[in-house]
Amino acid sequence: MIGVPEKRWGSDMAAADSGGARVEGDEVDVADGPAGFADAALPGSGIVPAEERGRGRLQRIRDTAADWRGWLPVAGLTVLLVIETFFDLRRAPTSSPWLWNSYLFVYLAGALICLVLWPRPATRLSRSGIAVAVVGAALMAYALISAAVTPRPYVSYTVIPRAYLTVPILTAMATLLAAWALIRVLPPAPLHRILWWPAAATIVCSFLQWPRSAAVHESARLATGMGGSAVIHVPLLLAAGVTLSAALAGWRRWWSLGLTALGARAVVLPGSRAGVICLLLAGVVIALQWLRSRRAWIGAAAVLVIAAILVIAVPVLHRLFNPTDELRAKNLDTALKFWSSAPTHILIGVGSGRLWPWYAFDSHLLWTPWRGMVTTHWGPALNSAHSTFLQVLVELGLAGCLLLAPVVIIPVVVLIRRLGAARRQAQPDPDDVCLIVLVATIGAFLLDTYLLKNYGASLWWWLVALGALRRRPTSSDRSETQSCDSSAPSTSAQNAG
């Protein structure tokens with residue numbers, strides 16, 4: 001507030017409204033209404049001339065521009081996710097069939113830019129985060145070796161070139177590399193702050209492009225360039241988790257609450273059963289952790305009622321009530337028969353891409369058959385595994401499962417420890433919401449393929465996983481950050497009097 005003496009505040013405001021103002025302390029008259037009042041320098045009143053305020057604003061703009069190392073990675077990530085939402089980067093600039101996809105080049109370029117412009121990391125991973133990243137990279141390296149030596153698959157009466165087995169694994173490695181490089185250079189702030197704009201862009205743009213995707217896919221189920229209706233719920237749920245975390249932390253609260261509501265609705269609109277299950281699982285854990293009053297529980301119940309009405313009223317969502325899938329059952333039967341046919345298959349797998357050479361269909365080398373069923377030597381199978389766990393088990397064997405296990409188990413263990421600590425302290429951490437939602441999305445790995453496929457959704461998963469498993473600041477780091485924060489707005493504090 002302006003530092004005008006309190007005893008004359010009412011009379012001074014009346015004088016200002018009538019075209020002038022008086023300040024008794026120094027008998028300075030300010031005429032010509034509010035404009036003159038704003039431009040005058042009043043000794044002892046705390047009012048700063050307009051020129052000095054203008055210089056202060058200009059200085060703040062200069063300071064923000066000089067701090068490009070902090071905001072540029074966030075802006076770049078936001079732009080990337082907007083592009084991924086509107087455009088399908090599985091395609092290449094060349095005509096079909098293509099071997100190289102746009103994801104590979106975009107992610108490699110992004111990782112290279114981060115490593116060149118920011119040679120020193122702004123934040124570091126914890127031991128848990130390092131373990132997840134290293135084991136995830138080892139899983140992909142093992143898959144790449146397997147794809148390089150396995151017999152070439154024979155699918156739909158066609159022998160698939162080996163390059164169509166190795167390029168998708170290289171793209172998965174580039175996805176993990178890009179996520180690590182981005183988390184490494186993002187500011188060491190709470191996760192809900194550094195990912196707020198990327199999350200907001202992902203949620204809002206999914207609705208903006210919905211009419212176009214509905215026309216392309218000839219379906220009202222929500223889908224984006226980042227993923228089809230069967231997988232898009234994962235990045236949308238992760239984005240909603242980021243905005244809910246921000247709302248609970250009081251960061252742009254009302255905007256964050258609105259985006260969370262939109263994100264939850266977007267998770268339901270694709271009609272994915274896995275998406276609804278993950279949403280309910282995350283919602284229950286968050287409610288048990290944060291809802292402490294009767295009013296809050298009533299609000300949560302109202303949200304569930306509205307969601308149920310939405311599911312019942314929209315015909316395309318009625319598939320949520322049908323848990324059976326004959327095609328998936330045939331796919332599972334063929335996969336397990338092939339996997340158990342030899343001891344080496346059980347231990348090291350049948351070979352990456354040998355049963356499900358899905359990249360040959362995505363790149364238009366082969367046309368996707370009706371309902372996705374293809375003919376193989378071992379029986380009918382879908383054109384992809386439609387399950388991360390099934391693909392790793394069958395194509396990479398028990399050895400691959402041992403490498404995948406830490407990637408999905410470590411976040412669960414870390415979450416249990418954090419929730420236990422929050423319970424003991426009776427003070428939950430809003431950033432734990434991001435980890436809760438991440439763990440909930442692991443359930444989606446049962447019903448579709450991530451990390452080794454669906455790179456746009458996988459990038460979101462790796463970003464939240466590595467971001468939630470960053471090294472937490474020590475007490476000395478916090479005191480240093482607080483001292484920097486308190487000294488940063490000194491110009492505006494002076495302007496405020």
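None of these values were measured; they are calculated from a predicted model.
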Q.
Pairing donors with acceptors under 3.5 angstrom, does anything connect the side chains of T449 and S384?
A. no
Q: Answer with yes or no whether the side chains of T202 and W460 bring together a donor and an acceptor at under 3.5 Å.
A: yes
Q.
Apply side chain to side chain donor-acceptor pair (under 3.5 Å) to residues Y359 and N101 and explain how you reach the verdict.
A. CA-CA 10 Å; Y359 192 72; N101 59 83; 3.0 Å; yes
Q: Could you tell me if the ring centre of F361 sits under 6.0 Å from that of W356?
A: no
(Q) Could you check whether any side-chain N or O of S206 sits under 3.5 Å from a backbone N or O of I203, counting only pairs where one atom can act as donor and the other as acceptor? (A) yes
Q. Side chains of R470 and R124: closer than 4.5 Å at any heavy-atom pair?
A. no
Q. Quick one: does T334's side chain have a donor or acceptor within less than 3.5 Å of a partner on N331's backbone?
A. no
Q | From CZ (R417) to CG (D432), nearest 0.5 Å | A | 14.0 Å
**Q.** Under 3.5 Å side-chain donor-acceptor pair for T388 and D448
**A.** no
Q: Work out which heavy atom in Q209 is nearest to a heavy atom in L222; give both atom names and the distance.
A: NE2-CD1, 4.1 Å
Q) Between W251 and S256, do the side chains contain an N or O donor and an N or O acceptor separated by less than 3.5 Å? A) no
Q. Taking the side chain as C-beta and beyond, is there a heavy-atom pair between L77 and I194 under 4.5 Å?
A. no
Q: Measure the shortest side-chain to side-chain distance between H386 and Q391 over non-hydrogen atoms and say whether it is less than 4.5 angstrom.
A: no
Q | ring pair (Phe, Tyr, Trp, His ring centres under 6.0 Å) between F445 and W461, worked out | A | CA-CA 11 Å; F445 287 20; W461 198 90; 5.5 Å; yes
Q | Under 3.5 Å donor-acceptor, D431 side chain and P190 backbone | A | no
**Q.** Closest non-hydrogen atom pair between L438 and L238, with its separation
**A.** CA-CD2, 3.8 Å
**Q.** NZ or CZ of R184 within 45° of W118 ring axis and under 6.0 Å
**A.** no
**Q.** Plane angle bin for W210 and F207 - parallel if under 30°, tilted between 30 and 60°, otherwise perpendicular
**A.** perpendicular
Q) Given S458 and T175, is the side chain to side chain donor-acceptor pair (under 3.5 Å) satisfied, shown in steps? A) CA-CA 7 Å; S458 299; T175 306; over 6 Å; no
Q) Would you say the side chain of Y142 lies within less than 4.5 Å of the side chain of I348, judging by non-hydrogen atoms? A) yes
Q: Identify the two heavy atoms, one from A223 and one from S229, that lie closest to each other, and give their separation to 0.1 Å.
A: CB-N, 3.7 Å
